[in-house]
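All values derive from a computational prediction rather than experimental measurement. In what follows, every heavy atom counts, from backbone to side chain, and hydrogens, waters and symmetry copies are set aside. A note on names: the letters A, B, ... follow the listed sequences, proteins ahead of strands, and every chain is numbered from 1.
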Amino acid sequence: MLKKLTSTTAAAALSLSMVAGGVQAGDTVDAVMDQGYVQCGVNTSLPGFASSASGSWEGLDVDVCRAVAAAMFGDSEAVQYTPLTAAQRFTALQSGEIDVLSRVTTWTLTRDTSLGLNFAGVNYYDGQGFLVRKDLGVTSATQLDGAAVCVEPGTTTELNLADYFRANDMEFEPVVIENTTEVTSAFFSGRCDVYTTDRGGLASARMVSAENPDDYVVLPEVISKEPLGPVVRHGDDEWLDIVKWSLVAMIEAEEYGITSENVDDMLDSTNPGIQRFLGVTPGMGEALGLEEDWAYNIIKQVGNYGEAYDRNVTEKLGLDRGLNALWTDGGLMYAYPVR
Amino acid sequence: MDSKHPSDASRPLMALLYDKTVRSIIYQVLVFGGVFFLGWYLVSNVQTNLDEQNIATGFGFLDREASFGISESVIAYSPESNYGRALLVGILNTIKVSLTGIILASIIGTLIGIGLVSKNWLVRFIGKTYIDVFRNVPLLLQLFFWYALITNGLPGVRQALNPLPGTFLTNRGLYLPIPADNPAWFWVFIAFIVGIIGAFVLRKWSFKRLEATGQVFPHLSVGLGIVVGLPILTWLLFGAPIEMNVPALQGFNFQGGLNMSPEFFTLLLGLTVYTATYIAEVVRSGIQSVPKGQSEASTSLGLKPSWTMRLIVLPQALRVIIPPLTNQYLNLTKNSSLAVAIGYPELVSISNTTMNQTGQAVEGVAIFMTVYLGISLLISLFMNWYNKRMALVER
């Protein structure tokens, strides 16, 4: 229950920690090493991306946290999760309550600059859509004039929604509820005609929270670009590097065709690129300030990006790769060279 | 002697140290200096940390476009408005729900409080049960309960309940018909205000006459007649317009009429029901604090029971009631911030969104703390003034 109120608390905590010395930029790596685990901010409940319904945390966003832990400690379980609402997440990161935020967060200019954050990359390319009941008879978002729209506060979604209705000269009644579970239950109870968030989130709500998924339909319009990725504090370059390259390693592994199954065999590969990547030829780990088997540990324990996607998004939400396919398959996932 | 005062130069200094006034000044300077230093340290630390993390500072964001929607507002607001206006909407929504809540909680609380000292066993029992149930469940849980009850229990707009003609009850809120636009209503409102002022003047005059001649004037019933009668007369003078603005299903929702959103209704219900339990106890203790001899004496003088209550018991009880009542009003106002959980756009909810979009948490928290402090101080000021007016006048 208290979770809903903690954005205020987090804000107060931020003010307090700012006051009492706060987090010094630059020493997150040391602090994480000392505490022995990664404190990772994730969604309260968004099956496919972050959910603890099965007893342990799983999801595409959770896998980013696990990859960072695997790279740092050789143990993908060395993660403590902090479930956060959209409105709480940045204060939690700014105040040092978490080390990395992996919570379907859209990369935007203001967040990258005036919010004092840095994005470490993109782990899911998404776009905002609308979910409605089928029996409403709506087939296009342009027919939504006058609708009551459920939306989470403090998101780009909330802003895009206002922009979209403004641009199309339509009215709407926002129903703004902070907790994901509460806002979806308000939608399914009929408080709103429309639920809007990123299409990945809509699929999650429809497949997992709806009593009968076939009663609902996602409208065809995609009204925004939502590159979602892990975020760290500004001014902490070593830590940014580790998070960034942990994510890249998952994509790189898929490009090389290395999976959690065959990674041990791949250690014998004669490909110099793979040898460098897996630490057979040393150098990459040292450059990051990590052990040489950092990428091996990520692949062995978490899997490559494709495995993580299939396990979480395809199986749970029934979404195909789309924009998130490798660039070689016509998608946008493109690993920077590990060398 | 010399051993006691080691040197001549130090003697006045030591004497000064033992001087009561000097010592108290030294203490005050030390405390003030300490507080000042602490404040300076905190402020400069915040500044440094914000700079280091490259977080924007200052109140410049208030002029920037908010670009998020707000569901209900007493003033004109659109996503084109700036953050300052968005926060103002939040402040006004907080005041709206707090004021309505205070009035309703006072009425319900007083009724139940009187019920608690009733001679009727059933009335006492109902009052006690009500207090036991609603005082002992956390307010936040009550809000979730009411909200779930409204959104899940009530039908959707297409199957809206229609208890009275033109009135619709749905999980999107309560829709009421209101009188259609007509200049008459403006004058009816003016007449109502004039009526209230007239009733007060009448009351003053009747008291004066009572003191001068001893004759009783029924100022309550005549006053009520003025307050109700004057607007009705005005309405008739304007040709008694009866055209109503009835809500009608149009597109996704009902349009027209007056809409009370489920979020506002939930919050108002939760705050009222919860605070009324405390007010009931305050009222009960106030009534019981008046010695029995007072009402007995009044009865033996031949005063009617209603007069005994109004003229003897209540004025004395009020002196006991007002200070704790002020606390409850302040609590209700502050508790309205729990609305953030159910999505009523009050100050904290809008501040949260603003902080999240701008990243300026320190400023956001500062703003809403200042506003709550301001509202609370205003309530205290008003209640203190009222308390003074009601206090026993020593002659």
query = For A/Q128, which of A/T197, A/T196, A/T155 qualifies under side-chain hydrogen bond (donor to acceptor under 3.5 Å, both in side chains)?
reply =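 Single pass found, and it is A/T196.
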Which atoms of [X] approach chain A - backbone, side chain, both or neither, heavy atom under 4.5 Å:
{"X": "B/E263", "answer": "side chain"}
{"X": "B/E65", "answer": "side chain"}
{"X": "B/T358", "answer": "backbone"}
{"X": "B/A148", "answer": "neither"}
{"X": "B/L154", "answer": "neither"}
{"X": "B/I70", "answer": "backbone"}
{"X": "B/Y147", "answer": "side chain"}

Under 4.5 Å from any heavy atom of chain B, what part of [X] do you find: side chain, backbone, both or neither?
{"X": "A/T156", "result": "neither"}
{"X": "A/N160", "result": "neither"}
{"X": "A/V151", "result": "neither"}
{"X": "A/T113", "result": "backbone"}
{"X": "A/L144", "result": "both"}
{"X": "A/R191", "result": "both"}

task = Flag the one option from B/S261, B/A56, B/S67 with the top tally of heavy-atom pairs under 4.5 Å to chain A.
result =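 Of the candidates given, the most pairs with chain A belong to B/S67.
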task = Heavy atoms only, distances under 4.5 angstrom: which of B/G364, B/P262, B/G156 has the most pairs with chain A? Name it, please.
result =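 Counting heavy-atom pairs under 4.5 Å, the top option is B/P262.
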message = Below 30° counts as parallel, above 60° as perpendicular, anything between as tilted: where do the rings of B/F254 and B/Y175 land?
response =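 B/F254 vs B/Y175 ring planes: tilted.
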request  = Please work out whether the ring planes of B/Y274 and B/Y278 are parallel, tilted or perpendicular, with thresholds of 30° and 60°.
outcome  =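 Plane angle over 60°, so perpendicular.
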Among A/R166, A/Q143, A/E158, residue most engaged with chain B (heavy-atom pairs, under 4.5 Å) =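 The answer is A/R166.
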request  = Report the option among A/T110, A/V138, A/V149, A/L136 that has the most heavy-atom pairs separated by less than 4.5 Å from atoms of chain B.
outcome  =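 Among A/T110, A/V138, A/V149, A/L136, the one with the most close pairs to chain B is A/L136.
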Report the distance from atom [atom1] of [X] to atom [atom2] of [Y], rounding to the nearest 0.5 Å.
{"X": "B/Y83", "Y": "B/Q357", "atom1": "OH", "atom2": "CD", "result": "5.0 Å"}
{"X": "A/I177", "Y": "B/T151", "atom1": "CD1", "atom2": "OG1", "result": "8.0 Å"}
{"X": "B/Y77", "Y": "B/N82", "atom1": "OH", "atom2": "CG", "result": "8.5 Å"}

query = Are the aromatic rings of B/F264 and B/Y344 close, with centres under 6.0 Å apart?
reply =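 Yes, ring centres under 6.0 Å apart.
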message = Quick one, A/T106 with A/T108, criterion side-chain hydrogen bond (donor to acceptor under 3.5 Å, both in side chains). Give me CA distance, side-chain angles, the key distance, then yes/no.
response = CA-CA 6 Å; A/T106 308; A/T108 69; over 6 Å; no
request  = Identify whether the distance between the nearest side-chain nitrogen and carboxylate oxygen of A/E152 and A/R89 falls below 4.0 Å.
outcome  =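 No, no charged N to carboxylate O under 4.0 Å.
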query = Side chains of B/E346 and B/S336: do they bring a donor and an acceptor to under 3.5 Å?
reply =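 No pair is found: no donor N or O on one side chain lies under 3.5 Å from an acceptor on the other.
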task = List the steps and the verdict of side-chain hydrogen bond (donor to acceptor under 3.5 Å, both in side chains) for B/Q328 and B/T275.
result = CA-CA 7 Å; B/Q328 295 314 323; B/T275 314; 5.8 Å; no
